Every structure is written in C-alpha cells, then in structure tokens.
Amino acid sequence: MDKILIPIYGQDIAPRFDLATEVVILIREVGNPTPEERMMVLPQASAEQLCHLILSDGIATLICGGIEEEYYQYLSWKKVAVLDSVMGPWQKASELFMEGRLRAGQCLHTRRMEGKDVS
Amino acid sequence: MPTPHINHLFQTDLDFQKFLNHIPMGVFVTDRERRIICVNHGFEALTGFSSDQALGLPCRDILRSRQCMLHCPVKKAMETGESQSIETDIISRDRQRIPVRMTAAPLCDAHGNPRGFLETLEDLRPLKQLGEKQSKAFSFSSLIGRSPQMEKIFQILPVLAQSDASVLITGETGTGKDLVAEALHRSSERARGPFIKVNCGALPETLLESELFGHMKGAFTGAQENKPGRFRLAHGGTLFLTEIGDLPLSLQVKLLTFLDDRIIFPLGSTRGFPANVRIVAATHRNLEKMVQEKAFRQDLLFRLNVARVHLPPLREREDDVRLLLDHFLNAFNRQLKKSIRGYAPDALGILLAYSFEGNVRELRNIVEYAVNVCAGSTINTCHLPAYLTCPISGLETAQEKKPSVMLHQGNPEASWNTVERQMILNALIQAGGRKSKAAVLLGWGRSTLWRKIKQYGINA
C-alpha cells in the first residue's frame, strides 16, 4: 500500500505547502489502479503540523507546490519522496503520478493569456 | 511570442521588455485573470522561474506569495481601482522564503477599464537581515551561539521538537548535550509531561536494569516493594538516556525491544506496560566505532539514530567564544552580585586563544572562577586560573612544585566549589596546617576560612 499526500487549494495543488489548509491523501493498493481518495481539512495552516501528519500517517510521497528547503530536507531525510513545484489541477497530478509520469517542477496548467491558449 | 512595445510615448515604438529589464526589482504584468503576460530579469532572479516557465500561468503558482493564498492584492486592486502595496513573502524555485514588498497597480485602457496589472516585487532581505542583526537572539532555550554550526542546530531543533522521533545527540563532553535534550523536551508537545534523565554509565548493570525498567516485589532478594522504573516514570514525557555508549549489551537488547514494541516488562513481571515515552539519547562516544568493535548493537544505533544532533566542540565555534564569555560574565555578575564590566585585553587574548578541551563547561567554570577571584571591575590575567597563564609542561614537574594557593592542575571540568576547596587545601598545606597563615595566603579573614572549612567538611 502506497500513500500520497497533496496539499490542495480548490481544485489545484496548493501553491504553498506551509499555507495549505486542505489536503488529499491518495491510498494506492497493490493491484488496484484507482486510488482511494481521502480529503482532510486542517484546523490551521502549519508546515510543522503537515510534516507531523505526513510522518504519522506513513505518507510515502508528497506532491506539492512551493515548499521551504528546511521542510523539503527534513521530509527527504525521513525518506518521504517530495515532488515539489508541481502546478495545476491535483486530479491531473494524481493521474500522472499513478502512471509514473509526474516529475518535480511539472506544470499541468494550460497556458493562457487574455483568454487565448498560448501553450 | 511577439515582443511587447510601448507605443505613442515617443515618435518610435519602444521595446517594453528591455525597459522592464532595466528596472532593478522584480516586475511582471498579468492579465485580468491574473495570468502572467511578461516578466523582467529581476523577477526571474527573485523567483527562480524563467520567463518561458512563467508566461501564461496563474501568478499565484509562480509567485507563491503568502498574500496569494490569503488576500490577493491584485483582486483588491481590481475592486478598488487603486494600487495596493503589501509586505509579504514568497517561496522561490530554489525553496527559499524571501520577504518582499509587493505592489500591484491596475493597467487601464483609454476608457478606464482594467486590462491587467503591473506588479513589482522588492526584495526585503537586506533590510530584514539588518534588523535581525540588531535584534536576533542567538539562542534556543538555554543554548546560545551565533556560529553557523549553531545556527543550523537552532534551525533544526524546533522541527525535531515537534516530531516524536528518537533523537541521538552526540558531541564532546561539555558541549551541551543535556541542555539540548531538555530544550527538545520543553519545546515539544510532551513539555507538560515528565523529563526523566538516566545516566547509563553511573550504575552497575544489575541496578541499572531495575532502575530503568522497574521491578516487582519479590523479583529478587531485597526487592521488598514494587518499583516503577524510569520508563514508567517518564510515561507521557521524555526519557533522556545520557552516556548511552556505556549501556551494557544485555540492556541494549532490552532497550531495543522497547523501541520496537513500546512495552516495558519490569523485572519479575509477566505483564507489560505500554509506556508512551520519547527517547532522547546522548553520548560523547563514537557509536559507529563502537559498533565496529562489537561494543554497541548496530540495530540499536539505527533505532536511536532517527534524528541526530551533533554539537560541535567550542574550538570549532570561534565566533561563539566571545559571546559565551560575555554571557557567563553577565550571569555570574548577577549571581554573585558583582559589577565586573569586562575583560582586560591580555586576559581576553588568553581566553580567545585557549582551546577549551572541556568546551562550554570549561569556559563557564573559568569565568566563574575569574568572577569570584576578581575584586575590581575588569578581569585581568591574574584572575584567570593558573593553568591558563602558566602552562604545565608535564605531570612530574607539577608534582615536584610546592603546593600553591592557586590551583595549578586545575581540572577543566571542576566547578567553583571544587576549585575553592582545593585552594583551601593547598593554602593549608603551604601554611603547615596553620589556619591564620592559610587565611592570610588566601586573602581571607580567619572567620571566612573557618566557615569555608566547615562548609566543605575539611578536617583541619
């Protein structure tokens, strides 16, 4: 069983790890391609509490936007794989991750300027 | 993508991008949907995102500012039609939190309708650093230091305090391992629980087992009462195992079992007790070397070494010696009701050049000695322990020397009480047992000497 945590902001991955008040935890069972989704609303935004949640819940991978070096190093040191600077809808990030195609720094948004697609 | 231009300002069009790049701060332009239209070099340098990476994306994903998630200034500028300026912070691509002043101004068309926004980012790090230099307390709990090594420790300790992981503190004697353990406990969620300290090297193996895990009545000869053990006493708090390197191998196994199961079995009991205890261990020994020598179990090291804090010796914390000298001078001034203003240049030179094998503890003892001995307002070389000013060439020469009032073979870790007791003994030996002469040698009145002799239990 694999657990993946994504701090979210509406439908998107939260731009900042330390300011996220909502997270989604994806639980991937062996042999089941569709992960179970568990939403969690946090009482307050706190990077320390998120780190604690990640460690106590046995999260293997964190997919997030901006994260401070201190927390990145701490979680990496605690053997949590951190894919940071991922931008865009969390559902899309989840799909790509399950397919093994998500990378740190990946942008999943459609680029637009004044309503026109410029991708 | 077409290059942006400024039209009709001059007779010919101006290159807007070049114009932006000359501005020495981060500048970017967004459309009404807050998607980035163009950025300058200052913005690229500050955020770490290149123009190609940023264009067409929502600014909040690139800027990653605190305000983006709380009160977007652009949204407010759109509502009010006025520019907004706010102090906030951003997280750059290389994961640095940067304090900035963000200003957002609406860009309106000829009819006054907002078409987009011009935003600037001013890096406030130089200003903040200036402020921090003036007001920063270089400390965590009772630990102080401003050397880069200690700053790193001060950064990681609050994070460790919030976790419940076992911590292994290593470092030479006198570096402050006990203080770190206590500081971790005080800053953790277990702060209201007990902090129990056990010195693994202080008790024989048989006693230590009973001391740590407790025993039941009748478990062995002399066990007349149930004893809870330190693990049980530390329930809901932190158990600090100091000198873990001295823990006998048989008890290492028992500790290992506890770290796996979190249940303790007192001697003579078949019923376990689930102890909710955080383990913090410390040692001055090289545990990796001890593992190689089979004196310490590797699996125990792995379990204890979840988080490691290595305290650097004082000789590697050059910046801190002066800070600590002043800190302890102030502390002992208050404690001993003295008004010593500082160190004379010669004395300071000796202290700064000294290697402090006993680390902060030795430094503290030296300052305590000097403050006690100093009757004036400045600590001079004559107020420092003799072993600092007259280096001892060898043990034999020291033994041949006549005993002196000053402590020639000062133990770097001795406390002031030990030093003073030794001074009295030396004076008595020098005076041939005559208290009045010894009092003269010490510069004390006879009654003071008599009181001190009684205090230290010297049979003179």
Side-chain angles (χ1 to χ4, degrees), chain A residues 7-22 45-56 64-80 82 84-90 93 104-119, chain B residues 1-2 4 29-38 47-50 52-70 72 88-98 115-116 152 154-165 187-189 305-308:
Chain A
I8 58 172
Y9 184 69
Q11 292 303 309
D12 289 345
I13 297 167
R16 271 175 72 149
F17 173 76
D18 58 340
L19 298 176
T21 50
E22 208 175 337
S46 158
E48 281 85 7
Q49 279 180 16
L50 261 178
C51 283
H52 182 71
L53 172 71
I54 287 166
L55 298 180
S56 59
C64 64
I67 181 171
E68 268 186 82
E69 183 73 9
E70 186 181 339
Y71 302 110
Y72 177 86
Q73 292 297 348
Y74 175 64
L75 292 171
S76 304
W77 173 50
K78 301 295 279 186
K79 307 275 186 283
V80 177
V82 183
D84 70 328
S85 290
V86 182
M87 297 171 258
W90 68 263
Q106 204 162 339
C107 174
L108 311 173
H109 280 299
T110 310
R111 289 177 193 267
R112 283 205 321 263
M113 285 186 197
E114 293 194 280
K116 285 181 188 165
D117 191 340
V118 291
S119 316
Chain B
M1 210 168 284
V29 179
T30 65
D31 64 11
R32 286 173 52 139
E33 290 174 17
R34 286 171 272 169
R35 289 191 175 245
I36 295 173
I37 303 275
C38 82
T47 61
F49 286 99
S50 69
D52 290 344
Q53 287 169 329
L55 294 189
L57 295 181
C59 60
R60 67 164 191 244
D61 280 317
I62 297 296
L63 211 52
R64 309 195 292 201
S65 142
R66 184 173 295 272
Q67 288 306 317
C68 295
M69 294 188 72
L70 302 173
C72 174
T88 180
D89 59 29
I90 62 166
I91 291 194
S92 68
R93 181 77 176 85
D94 55 355
R95 307 187 192 102
Q96 300 303 310
R97 188 150 63 89
I98 303 170
R115 304 291 303 174
K152 273 185 195 167
F154 295 150
Q155 280 169 12
I156 197 78
L157 284 182
V159 184
L160 291 181
Q162 294 310 310
S163 100
D164 220 15
S187 315
S188 74
E189 285 174 8
N305 199 14
V306 180
R308 190 164 191 157

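Only a predicted model underlies this, so the values are computations on that prediction, with no experimental measurement involved. Naming convention: chains lettered A, B, ... in sequence-line order (proteins, then strands); numbering from 1 in each chain.
Comparing A:E68, A:K116, A:Q73 by how many heavy-atom pairs each has under 4.5 Å with chain B, the most go to A:E68. Interface summary for chain B: among A:H109, A:E69, A:R112, A:H52, the most heavy-atom pairs under 4.5 angstrom belong to A:R112. Looking only at heavy-atom pairs under 4.5 Å with chain A, the residue among B:R97, B:R95, B:Q96 that has the most is B:R95.
The closest donor-acceptor contact from the side chain of B:R66 to the backbone of B:T88 lies at 3.5 Å or more, if one exists at all. A donor-acceptor pair is defined here as one N or O able to donate and one able to accept, closer than 3.5 Å; such a pair exists between the side chain of B:R35 and the backbone of B:G56.
To the nearest 0.5 Å, atoms CD (B:Q53) and SG (A:C107) are separated by 9.5 Å.
If you measure heavy-atom distances from A:K78 to chain B, the contacts under 4.5 Å come from the side chain alone. In this structure, the portions of B:Q162 lying under 4.5 Å from any heavy atom of chain A include both its backbone and its side chain. Within the 4.5 angstrom heavy-atom criterion, only backbone atoms of A:T110 (N, CA, C, O) approach chain B. With a 4.5 angstrom heavy-atom cutoff, B:D164 does not touch chain A via any of its atoms. For chain A, the nearby part of B:S65 is the backbone; its heavy atoms alone come within less than 4.5 Å. Contact annotation for A:D117: neither backbone nor side-chain heavy atoms come within less than 4.5 Å of a heavy atom of chain B. Within the 4.5 angstrom heavy-atom criterion, atoms from both the backbone and the side chain of B:A307 approach chain A.
Looking at heavy atoms from C-beta onward, A:Y74 lies out of side-chain contact with A:I54 at the 4.5 angstrom threshold. Within the 4.5 Å cutoff, no side-chain heavy atoms of B:L57 are placed close to those of B:I36. Put simply, the side chain of B:I91 does not reach to within 4.5 Å of the side chain of A:I67, judged on heavy atoms. In this structure the side chain of A:E22 never reaches within 4.5 angstrom of the side chain of A:W90, judged on heavy atoms.
Annotation: salt bridge (Lys or Arg N to Asp or Glu O under 4.0 Å) contacts of B:R32 (sequence neighbours excluded): none. Checked against side-chain hydrogen bond (donor to acceptor under 3.5 Å, both in side chains), B:D52 has no partners two or more places apart in sequence or in another chain. Here B:E189 pairs with nothing under the side-chain hydrogen bond (donor to acceptor under 3.5 Å, both in side chains) rule; sequence neighbours left out.
Interface with chain B: from residues 9-21 of chain A, residues A:Y9, A:D12, A:I13, A:A14, A:P15, A:R16, A:D18, A:L19, A:A20 qualify, criterion being any non-hydrogen pair under 4.5 Å.
A salt bridge links B:R115 to A:E114: at least one charged side-chain nitrogen sits closer than 4.0 Å to a carboxylate oxygen.
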